Amino acid sequence: MTIRLYDTSARQIRDFIPLAPGCVSIYLCGATVQAAPHIGHIRSGLNFDIMRRWFAHRGYDVTFIRNVTDIDDKIIAKSAEQKRPWWAIGYENERAFNQAYDVLGCLPVTYEPRATGHIPEMIEMMRELIDRGHAYAAQGNVYFDVRSFPEYLRLSNQDLDGLRQPSGEGETGKRDPRDFAMWKAAKPGEPSWETPWGRGRPGWHLECSAMAHKYLGRAFDIHGGGVDLIFPHHENEIAQAKAFGDDFAAYWAHNAWVTMSGEKMSKSLGNSVLVSEMVKRWRPIVLRYYLGTPHYRSMIEYSEEALREAESAFARIEGFIQRVVEKAGSVEPAAEVPPAFAEAMDDDLGVPQALAVVHTTVRQGNSALTADDKEAAVARLAEVRAMLGVLGLDPLDEHWAGGSDRGEDLHGVVDSLVRLVLEQRQAARARKDYATADAIRDQLQQSGLVIEDTPSGPRWELGTR
C-alpha cells in the first residue's frame with residue numbers, strides 16, 4: 001500500500017514517503033478573511049479534508065494546520081470602505097469561514113493559527129534572514145533579496161529575468177523590483193506593530209513561513225493550497241523558509257478553481273456564490289458532493305444544472321441506504337473499503353474513480369434488494385458507508401444524521417402525515433378510483449416526495465428538484 005500524490009514542485013506523481021513513519025504533517029493556506037466565503041474558497045478546504053481523511057483511514061497520525069490571514073491590504077481596504085475596525089471585519093469573516101467548513105462536513109483542523117498572533121516569530125525570521133544576507137530593511141520596509149536565493153522560481157518554473165513581481169502601494173526602497181516585501185512600513189491610520197526596523201505590518205508571504213516553522217518544525221510533509229497561490233505566495237514562502245534554514249515542505253499539492261463562464265470564481269469579478277446562500281437552496285451534503293467529488297486538480301465549472309445532476313446522483317445513493325436500513329435496521333460501516341476504491345484513492349486521491357466504485361456497489365446492493373437477498377444488501381451497505389465515510393458523505397454519520405432531536409421529531413410527523421395520505425391513495429386504488437389515486441401521487445410529487453409502490457406497500461422518500 002503506497003499513497004501517490006502529484007507534487008507540483010516535481011511536476012509528476014510521486015510515492016508518498018512520510019518524514020516520520022506513520023505520521024503525516026500538512027500545512028494548508030487558509031482564508032484571507034476580508035469577505036465571507038464563496039464555494040470557490042471552500043473547495044480547497046474540502047479537497048484537503050478528503051486528503052486528511054484518506055491518510056487517517058490508511059492509519060496515519062495526521063497533523064493538519066490551516067492558517068488564517070487576518071491582516072493584509074484587502075482587509076485594510078475593507079476597513080476604510082466600511083468604516084469599521086480591521087479586526088472586526090477579520091473576525092466576522094473568520095467565523096463565516098469556520099461555519100462554512102463545518103456545515104459542509106470538514107473535520108476540525110489540528111491548529112488554526114492567525115497571522116496577527118505570530119508577529120514575534122515573523123520578527124525572528126526577518127532578523128535571521130537579514131543576518132544571513134537574504135533580506136534588507138529600507139524605509140521601514142523589509143524585503144527579501146530574490147537574487148540571493150538561487151532556487152527561487154523552481155516551483156513555478158519561471159525565468160527570473162522576465163519576472164514581474166506583484167507590488168503594493170508604499171513598497172519603496174527596493175534594491176531590485178523583483179524583490180518582495182516581508183514587512184510593510186506603517187502608514188497613518190493603519191494597524192502596525194513595533195519591530196527593530198520601525199512600526200509596520202506583515203507582508204502576505206512571511207506569515208505562512210513563520211507559522212509552518214512554529215507548528216510543524218523545520219521540515220514537514222505536504223504544503224497545500226489553490227493553484228493561484230503557486231506564484232507569488234508559495235514561491236516566496238519557499239524562499240523565506242529555505243533561506244532561513246528550513247527544509248520546508250517535501251510535497252506541494254494544489255487544488256484547481258471553481259469557475260463561472262471560464263473565469264476563476266472571485267469576489268473582485270462579482271461572480272462568487274456565497275456558501276451561506278448556497279446552503280439555503282441546496283442541502284449541505286449535496287453541495288459537498290458537488291464540490292468534493294471531482295478530482296482536486298480538475299477545474300469545476302459552476303452551473304445549476306451540474307448541481308442538479310449531483311443532487312440526483314447522491315439521491316440514488318441515499319435511496320439505497322434508506323431501503324436497506326428499512327429492511328435490516330442499523331448497519332455499521334465496514335472496517336475496510338473495497339480494493340478498487342482504495343486503489344483509486346491511493347492514486348493521487350482519484351475521487352471520481354473511487355466514486356464510480358461507490359455507485360457500482362450501490363447498484364449491486366439494489367440488485368440484492370430486488371432478489372430479496374438481505375445478507376448481500378447489508379454487506380454492500382457496509383461497504384458503501386465505509387467509502388462515503390472517507391469522502392465525508394455518509395448520510396448516516398452523526399454530522400449529517402445526528403442533528404437535533406427536533407429534526408427526528410419532524411421526520412416522524414412528516415412520515416405520519418404522508419402515510420395517512422398514502423392510505424387514502426390505497427383506498428382509492430382499492431375502489432378502482434385511479435384518477436384520485438394518481439392525483440394524490442402527483443400532489444405528493446409536487447411537494448418534493450417520490451412515491452414507490454413495492455410488494456410490501458407504498459414507500460416515500462425526498463426527491464430531487
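Please read these numbers as outputs of a predicted model, since none were measured by experiment. One-based numbering along the sequence shown.
Ring geometry for His254 against Trp252 counts as parallel: the plane angle stays under 30°, on a 0 to 90° scale with 60° as the upper cut. Taking the six-membered ring where the residue is Trp, Phe220 and Tyr27 present tilted rings, their angle falling between 30° and 60°. The aromatic rings of His205 and Phe180 stand perpendicular to each other, their planes meeting at an angle above 60°, with 30° marking the opposite boundary. Trp54 and Phe341 have perpendicular rings, their planes meeting at more than 60° on a 0 to 90° scale where under 30° would count as parallel. Between His134 and Phe149, the ring planes are perpendicular. Angles over 60° get that label, and only those under 30° would be called parallel. Using cut-offs of 30° and 60° on the angle between ring planes, the pair Tyr289 and Phe314 is tilted.
In the model, Ser156 has a side-chain atom that pairs as donor or acceptor with a side-chain atom of Gln158 under 3.5 Å. A donor and an acceptor atom, one from each side chain of Tyr143 and Asp145, are nowhere located under 3.5 Å apart. Counting only N and O atoms by type, the side chains of Asn236 and Tyr152 include a donor and acceptor under 3.5 Å apart. Side-chain contact check for Arg316 and Asn366: no donor-acceptor pair (N or O, by modelled atom type) lies under 3.5 Å.
For Ile13, the side chain to side chain contact (heavy atoms under 4.5 Å, CB included) partners at least two apart in sequence or on another chain are Arg4, Tyr6, Arg297, Asp347, Asp348. With sequence neighbours left out, the salt bridge (charged side-chain N to carboxylate O under 4.0 Å, His left out) criterion links Glu332 to no other residue. Residues that satisfy the side chain to side chain contact (heavy atoms under 4.5 Å, CB included) test with Ala10, not counting sequence neighbours, are Asp7, Gln12, Arg14.
Summarising the geometry of His234 relative to Gly225, their closest heavy-atom pair is CE1-CA, 4.0 Å, with the distance given to 0.1 Å. Between Arg11 and Leu155 the shortest heavy-atom distance is NH2-O, 3.0 Å. Here the shortest heavy-atom pairing between His399 and Asp102 reads CE1-O, 2.9 Å.
Cation-pi check for Arg43 over Tyr290 is not met; the charged atom does not lie both under 6.0 angstrom from the ring centroid and within 45 degrees of its normal.
Side-chain atoms of Ser298 never come within 3.5 Å of backbone atoms of Pro294 as a donor-acceptor pair (strictly under, hydrogens ignored). Panel note: side chain Arg288, backbone Gly392; a donor-acceptor pair is recorded below 3.5 Å.
The side-chain heavy atoms of Leu355 and Leu391, taken from C-beta on, include a pair separated by under 4.5 Å.
Among the candidates Gln34, Lys78, Glu190, Arg201, the single residue satisfying the side-chain contact (heavy atoms from CB on, under 4.5 Å) test with Asp73 is Arg201.
In this structure, Phe16 has its ring center under 6.0 Å from that of Tyr251. The aromatic ring centres of His359 and Phe320 sit 6.0 Å or more apart.
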